[in-house]
Amino acid sequence: MNSRPMFETVVKKRRRLLRRASSLLEPAVRNPFVHHLNLTTLDKIRIAIMSVTVVPLRLILGLAFFPIVYLLCRIALAGLTEEQLVKEPLQGWRRMLLYPNWLIGRFQFFIMGFHYVSVKGQRASRDEAPICVISPHTAFFDILIMFVLGLPHTNSVSREENGKAPLAGTLVNLLQPVFVSRKQSNSRHNASYEISRRVQPNSLWPQLLMFPEGTCTNKTCLINFKQGAFNPGLPVQPVVLHYNTDTVTWAYKGPQVLASMWLTMCNFNNKLEIEFLPVYKPSEEEKRDPALYAQNVRGVIARSLNLPVTDHSFEDCLLMKQAKKHGLPMEAGAVEFHKLTVKLGLKFSDIKEQLPKYAAIAKSKGYISIEDFAEYLQLPVSPALEEVFAMYDRDGSGTIDFREYVIGSCLVAKPAEDEETLALAFERFCGNCYITKKELVEIMEKSLRMTDAQAEELFNQVDVDKSGQITYDQFKAYADLKPEYATLFNVYQELKKEERNQMEQESNVDRNKNKTD
């Protein structure tokens, strides 16, 4: 009886079960940080005409007011230290200078084409909701909401780099935002404390506006919400932004801020609707668990927009940047960082360290094919290898992307690194305390379809002291470099065991049938 068809049947059955047991599902949106602007011929003609007629006039008018804004900001900030700006909001005549800046800023947006901003729903007072959480965060123009609601009546969170920008940083400092730095490890903690201080009921600070996604997306989904707005455990008001054009979108890959501004000014009219949803009051459980609070508020906004949610975050953008450095498509770095952190306990540095190894294997346009996988392990394609490959290839696409590789490294390869698994794999193929070259050739030919030359080359790599035999310590050292080998050995033995059991069952059925006949 030919056992090969039986063996293949066992392999296919195991793969189906493996995918059904998958818990780290693919996100509804693969990459929310890529924006492709689809312009029609008429769009291109309009942009060409507007670029040489209306847009230059809009720029001249908009920039003409900037010296006035800058002068007013300098006067308002005169004599104030950084400590004083953080301590309490501006008062008296300094606060009054916010009003002309507010009006000028709104007029500048009018010049850029935002002639009218509609408001839907009712804005809650600071007492009802000290924080407004705004989503989706898709554009530079999102700051327009501050000029609609009024600079003297709002506060915000901003990147520390914005306050240090030439000229524009003066206006940012006048607004007294809570600064956060992505480069300093303690910055988020300090910002969280400052947010909690400013939103207390007895505080003089105005209502705080926050974009909990922390970075811009292509508005095809809502990504992970940072917990800063939810740590105080106070009611928040969800706010939704609706634009009538895609030119405003500023994602990590796609038209950048200057291009986005130019294309938006090439529109005759830009519409923005600000929708205030009902105030969300946290339960006691949500007060104790800011992550749950953030997740539930995100769900409210997502349902109002009819958008899916994913666990991408700003760290995915950083990984995209690193992927590009290693010669991979930038999109490869989008792995749903927050989900991998929560479910697998991985840090940013853990995932970042996997990129060069993945890049060295992935030779199929940024993906790992079964042939790439076999070449990396220096093995021919075999059922056991296909089985291990399928453990990585969670969606059954026939290739392994970087996200699947990271998950597989934790769920498939990492378990093979523990002492018990390694010892079991070594014991299954070795009755003694070592493996000779002849034994390894026989083992690899039978289990993984290796040729004699391939097996001998593998033996020479593992036998580092050239003693003519492989000890357990040498086997373990090589498995640390390529833990897939230990998994391969164990998978092969499990497949053979299942094959034998299935053959015995069929043999018993045949015997019983013969007895009946």
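The figures that follow rest on heavy atoms only: side chains count, while hydrogens, waters and symmetry mates do not.
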Practice item. Go through the steps for K363 and E375 under the test salt bridge (charged side-chain N to carboxylate O under 4.0 Å, His left out), then give the verdict. Key: CA-CA 10 Å; K363 298 178 181 179; E375 182 181 344; 3.0 Å; yes

With a 6.0 Å cut-off (strictly less than), is the heavy-atom count around [atom1] of [X], excluding the residue itself, greater than 12?
X    : atom1 : value
Q122 : CD    : no
R123 : CZ    : yes
K120 : NZ    : no
Y99  : OH    : yes
R197 : CZ    : yes

Close side-chain approach of [X] and [Y], heavy atoms under 4.5 Å:
X    : Y    : result
F348 : T341 : no
P89  : R198 : no
R95  : P152 : yes
V86  : E194 : yes
V240 : F276 : no
L208 : T154 : no
S156 : V178 : no
M146 : L209 : yes

Heavy-atom donor-acceptor pair, [X] side chain to [Y] backbone, under 3.5 Å:
X    : Y    : answer
Q207 : A129 : yes
N218 : A251 : no
T399 : I368 : no
N267 : N269 : no
D311 : I223 : no
Y243 : D142 : yes
D316 : V335 : yes
Y293 : L234 : yes
N155 : Q176 : yes
E160 : F179 : no

Review point. According to the interplanar angle, ranging from 0 to 90°, do the rings of F114 and F141 count as parallel (below 30°), tilted (30 to 60°) or perpendicular (above 60°)?
Key: tilted

Exercise for review: Quick one: sort the F373 and Y376 rings into parallel, tilted or perpendicular, breaks at 30° and 60°.
Suggested key: tilted

Is it the case that the side chains of [Y] and [X] hold a donor-acceptor pair, with the cut-off being a distance below 3.5 Å and no angle test?
X    : Y    : result
S51  : W262 : yes
Y280 : E286 : yes
S369 : D372 : yes
N231 : S192 : yes
S125 : E128 : yes
E285 : S283 : no

Which heavy-atom pair separates [X] from [Y] by the least distance, and what is that distance?
X    : Y    : value
A76  : R94  : O-NH1, 2.6 Å
F230 : F225 : CZ-CD2, 4.0 Å
L151 : L98  : CD1-O, 4.2 Å
P308 : A28  : CB-CB, 3.6 Å
P356 : H326 : CB-CE1, 3.7 Å
N101 : F147 : O-CE2, 4.0 Å

**Study point:** Option from D43, I47, L263 for which side chain to side chain contact (heavy atoms under 4.5 Å, CB included) with T247 holds
**Key:** L263

Practice item. Take D401 and R394 through the salt bridge (charged side-chain N to carboxylate O under 4.0 Å, His left out) test and state the conclusion after the steps. Key: CA-CA 10 Å; D401 60 34; R394 304 176 69 80; over 6 Å; no

In Å and rounded to the nearest 0.5 Å, what is the [atom1] to [atom2] distance from [X] to [Y]?
X    : Y    : atom1 : atom2 : result
M261 : Q256 : CE    : CD    : 13.0 Å
M50  : I45  : CE    : CD1   : 14.0 Å
E26  : S397 : CD    : OG    : 8.0 Å
L72  : L174 : CG    : CG    : 9.0 Å
F33  : C317 : CZ    : SG    : 4.0 Å
M320 : L355 : CE    : CG    : 12.0 Å

Review point. Run the salt bridge (charged side-chain N to carboxylate O under 4.0 Å, His left out) check on E331 and K253 step by step: do they pass?
Key: CA-CA 9 Å; E331 294 86 342; K253 183 179 179 182; 2.8 Å; yes

Practice item. Only one of Y392, Y367, Y358 passes ring pair (Phe, Tyr, Trp, His ring centres under 6.0 Å) with F402; say which it is. Key: Y358

Practice item. Quick one: do L241 and T138 satisfy side chain to side chain contact (heavy atoms under 4.5 Å, CB included)? Show the steps, please. Key: CA-CA 9 Å; L241 301 182; T138 62; over 6 Å; no

Point to revise | Worked check of side chain to side chain contact (heavy atoms under 4.5 Å, CB included) between T220 and L307 | key: CA-CA 7 Å; T220 56; L307 287 179; 5.7 Å; no

Practice item. Decide yes or no on side chain to side chain contact (heavy atoms under 4.5 Å, CB included) for K271 and V117, but give the supporting numbers first. Key: CA-CA 6 Å; K271 294 181 181 179; V117 177; over 6 Å; no

Review point. Hey, mind stepping through H242 and L272 against side chain to side chain contact (heavy atoms under 4.5 Å, CB included) and telling me if it holds?
Key: CA-CA 6 Å; H242 304 273; L272 169 63; 5.7 Å; no

Exercise for review: Check the pair E336, T310 against side-chain hydrogen bond (donor to acceptor under 3.5 Å, both in side chains), reporting the backbone distance first and the verdict last.
Suggested key: CA-CA 7 Å; E336 268 197 308; T310 72; 4.6 Å; no

